[in-house]
J.: 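Have a look at this one before I ask anything.
Each ligand, and each atom within it, is numbered from 1 in the order the structure gives. Because the structure is a prediction, the values reported are computed rather than measured.
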Amino acid sequence: MLGLMQDWPLLCHRIIDHAAIYHPERRIISRSVEGPIHTTTYPDVRARALKVAQRLDRDGVRLGDRVATLAWNTWRHLEAWYGILGVGAVYHTVNPRLFPDQIAWIINHAEDRVVITDLTFVPLLEKLADKLPSIERTIVLTDAAHMPATTLRNAVAYEDWIAETDGDFAWRQFDENTAAGMCYTSGTTGNPKGVLYSHRSNVLHAMMAALPDSKALSCRDVCLPVVPMFHANGWTLAFSAPMVGATLVLPGAKMDGASIYELLNTYKVTFTAAVPTVWLMLLQDLEKTGGRLPYLKRVVIGGSACPRAMTKVFQEVYGVEVIHAWGMTEMSPLGSLCTIKPDYAGLAGKAKLDLQQKQGHPPFGVEMKITDDSGRVLPWDGKTFGRLKVRGPAVARSYYKVEDDPVFEPDSFFDTGDVATIDRYGYMQVTDRSKDVIKSGGEWISSIDLENLAIGHPKVAEAAVIGVRHPKWDERPLLVVVLKSGQTATREELLAFMAGKVAKWWMPDDVVFVEEIPHTATGKIQKMALRERFRDYVLPTAVAAAE
Ligand code: AMP
């Protein structure tokens with residue numbers, strides 16, 4: 001027997017309808033790519049998104065066609081997303097920080113028909129134009145006054161392009177499982193892989209992400225997504241914020257510490273989210289200027305492990321609660337968040353910081369397990385490491401145009417490639433990517449734990465730990481350090497700082513100081529590049545073992 005409830009497909013553009021009707025007073029404030037601050041409202045975003053949909057329709061863009069966006073977080077990008085969604089096309093966010101050849105590969109693989117770009121990326125697209133045969137038209141997110149002379153095919157200024165429509169358009173109606181968005185993972189090996197979100201998965205995920213033990217977003221929040229919309233579905237904030245009617249503050253192209261600080265305080269931002277590198281810049285700026293954060297209440301930090309020292313400074317110096325989060329492009333992207341369950345409510349000081357190093361527990365809609373290499377389920381004791389596997393309605397079941405990838409297992413679990421522990425209260429802690437784990441004498445050492453520890457040293461700006469070949473133990477940890485500018489330190493000093501804080505056999509066998517640690521396009525440490533660089537590195541302990 002079927003239920004007798006209405007069939008109301010979960011379509012993404014219904015979110016902007018809701019925001020326009022029930023939250024018309026809330027503002028969307030953007031730092032425009034041209035420079036000045038721009039302010040609009042949800043009804044205006046919706047009205048202009050309808051024009052985008054109408055114009056795409058008139059240009060022959062149909063259900064399922066891919067429309068690429070190479071753009072920062074601004075109101076125009078937001079309008080473009082909803083316009084693309086409302087005509088049944090697929091927004092394909094392209095990460096402009098990828099290598100140009102990778103960008104071309106991704107656009108060709110997705111067979112994008114239209115590119116919507118910020119002014120910033122016009123020169124990049126001009127260089128790639130010959131390699132992008134599927135692109136019929138380029139829309140530059142600006143007005144006629146700022147439109148550059150360009151050789152791009154059928155290029156038009158966004159404001160002119162939508163001005164030719166009257167917005168008298170009805171959103172297209174279709175099944176909620178229709179493709180909505182696309183985002184390629186920045187895999188460190190092989191070609192990038194396309195994740196294809198549906199309207200249903202996006203709407204469900206936006207709800208999951210707004211829950212009290214997720215981001216706890218509401219219409220009383222002023223939300224600043226520093227994480228770009230092109231990184232892992234924009235951490236769903238382009239959906240969650242309008243869904244609850246939160247005020248949005250969008251940073252445009254400027255994500256340096258001073259620019260973010262200015263937005264946080266001018267617009268009384270209460271909630272923000274980004275990767276640790278962004279917060280490193282902000283905290284360094286605050287340390288220099290003596291700035292305070294009187295309005296900010298919560299900061300979500302994820303994408304890479306949030307260093308303990310960062311959590312401590314945010315909470316103890318600035319009074320801002322840190323929510324450590326974990327997720328993946330394949331998961332829409334949220335998988336878990338570290339909010340405090342009653343079982344841990346009594347924790348304070350060091351014990352609370354220990355807990356917050358974990359990536360937390362999943363919201364409804366994410367199932368997790370850890371297994372050994374043979375697929376045997378491992379215990380939730382907070383100690384046993386295993387391969388982390390997940391499933392749920394907003395988790396990918398396949399990559400775009402890739403058949404039978406073994407990461408999608410027959411029981412519908414997705415093997416994340418992360419190695420983790422889970423404790424008895426369901427808190428997950430990532431110890432490594434499975435390919436980064438250090439295997440010493442048959443036991444695993446967590447590089448993330450060691451990096452966290454090293455970064456707690458006041459002179460250390462950034463730290464990475466990799467496994468280096470060892471004649472006796474197979475691999476031993478090598479600590480690679482970037483010092484804060486103007487600082488000097490010795491190997492002994494750092495090792496002494498770490499000693500006693502981890503098991504003795506986890507201690508790095510050596511320390512090297514470098515000018516810079518390489519990062520991926522989404523700000524993660526490129527361990528592969530580091531392993532390559534130190535492939536022939538001879539540890540002092542290796543010499544001793546060989547003698
Ligand atoms: P992406 O799809 O680019 O967001 O990358 C997903 C990967 O980033 C995950 O599989 C993890 O390896 C890593 N990651 C994301 N969040 C965290 C976190 N809080 N701590 C450690 N690693 C993380």
Side-chain angles (χ1 to χ4, degrees), residues 93-95 97-98 102 106 181-189 192-197 205 209 214-215 225 227-237 273-280 299-308 310-311 322-339 355-362 366 368 370 385-390 394-396 399 407 413-422 427-437 446-452 455 463-465 519-528:
T93 48
V94 180
N95 184 342
R97 295 174 182 146
L98 292 170
Q102 269 180 317
I106 285 173
M182 191 180 230
C183 188
Y184 280 72
T185 59
S186 49
T188 41
T189 49
K193 290 175 177 157
V195 178
L196 191 56
Y197 309 110
H205 190 70
S214 296
K215 297 175 181 165
V227 53
M229 286 159 76
F230 56 74
H231 181 191
N233 212 18
W235 294 11
T236 209
L237 285 165
V275 294
T277 346
V278 164
W279 303 125
L280 211 61
V299 55
V300 167
I301 306 183
S304 313
C306 173
R308 180 194 180 90
M310 183 171 282
T311 307
V322 167
I323 305 172
H324 191 187
W326 168 85
M328 301 182 75
T329 305
E330 288 89 335
M331 301 181 71
S332 297
L334 269 185
S336 66
L337 299 102
C338 194
T339 58
L355 178 71
Q356 289 179 299
Q357 282 197 259
K358 300 187 185 211
Q359 281 76 2
H361 51 101
V366 176
M368 272 182 190
I370 44 173
F385 294 23
R387 302 179 78 95
L388 179 62
K389 299 178 182 176
V390 295
V395 177
Y399 290 118
V407 295
F413 272 92
F414 162 65
D415 186 337
T416 63
D418 285 337
V419 173
T421 61
I422 304 181
Y427 281 68
M428 183 275 288
Q429 181 161 20
V430 177
T431 54
D432 260 306
R433 290 294 291 163
S434 55
K435 52 187 182 307
D436 295 337
V437 102
S446 159
S447 63
I448 293 183
D449 273 6
L450 293 174
E451 286 158 8
N452 257 325
I455 212 157
V465 176
H519 289 97
T520 67
T522 50
K524 299 184 209 308
I525 293 176
Q526 268 181 330
K527 293 272 176 91
M528 254 216 333

J.: Suppose I only count heavy atoms of His231 and a 4.0 Å limit; which atoms of ligand 1 are within that range?
T.: 3 (O), 4 (O)
J.: Can you tell me if His231 and Thr93 form a side-chain donor-acceptor pair at under 3.5 Å?
T.: no
J.: I'd like to know if the side chain of Ser332 and the backbone of His205 have a donor-acceptor N/O pair within less than 3.5 Å.
T.: no
J.: Taking Trp326 for its side chain and Gly360 for its backbone only, find out whether a donor-acceptor pair lies under 3.5 Å.
T.: no
J.: Measuring from the heavy atoms of Met331, does anything fall under 4.0 Å of ligand 1?
T.: no
J.: Before signing off on this row, confirm whether His324 and ligand 1 have an N or O atom pair separated by under 3.5 Å.
T.: yes
J.: Donor-acceptor pair, distance only, cut-off 3.5 Å: does the side chain of Gln357 make one with the backbone of Arg308?
T.: no
J.: Measure the distances from the heavy atoms of Thr185 to every atom of ligand 1 and state whether one is below 4.0 angstrom.
T.: no
J.: Between Gly335, Gly302, Ala420, Ala325, which one has a non-hydrogen atom sitting closest to atom 19 (N) of ligand 1?
T.: Ala325
J.: Using a strict cut-off of 4.0 Å, indicate which atoms of ligand 1 neighbour a heavy atom of Gln359.
T.: 18 (C), 19 (N), 20 (N), 21 (C)
J.: Short N/O distance, under 3.5 Å, between Gly303 and ligand 1?
T.: yes
J.: Taking Gly417's backbone N and O only, do any of them form a donor-acceptor pair with Ser434's side chain (distance below 3.5 Å, no angle check)?
T.: yes
J.: Identify which of Val430, Leu334, Thr329, Leu337 has a heavy atom lying nearest to atom 1 (P) of ligand 1.
T.: Thr329
J.: Below 4.0 angstrom from a heavy atom of Ala305, which ligand 1 atoms are there? Numbered from 1 as shown, please.
T.: 18 (C), 20 (N), 21 (C), 22 (N)
J.: Does Gly417 have a heavy atom less than 4.0 Å from any atom of ligand 1?
T.: no
J.: Considering only heavy atoms, which of Ala232, Cys306, Gly327, Ser336 lies nearest to atom 6 (C) of ligand 1?
T.: Gly327
J.: Classify the side-chain pair Ser447/Lys527 by whether it contains a donor and acceptor separated by less than 3.5 Å.
T.: yes
J.: Consider salt bridge (Lys or Arg N to Asp or Glu O under 4.0 Å). Of Asp418, Asp432, Asp415, which one does Arg387 pass it with?
T.: Asp415
J.: What distance do Met328 atom CE and Thr416 atom OG1 have between them, rounded to the nearest 0.5 Å?
T.: 5.5 Å
J.: Give a yes/no on ligand 1: does Ser304 have at least one heavy atom closer than 4.0 angstrom to it?
T.: yes
J.: Consider every N or O of Thr416 and every N or O of ligand 1, then say whether any pair is closer than 3.5 Å.
T.: no
J.: So, taking the atom named CD in Gln356 and the one named OG1 in Thr339, what distance separates them when rounded to the nearest 0.5 Å?
T.: 10.0 Å
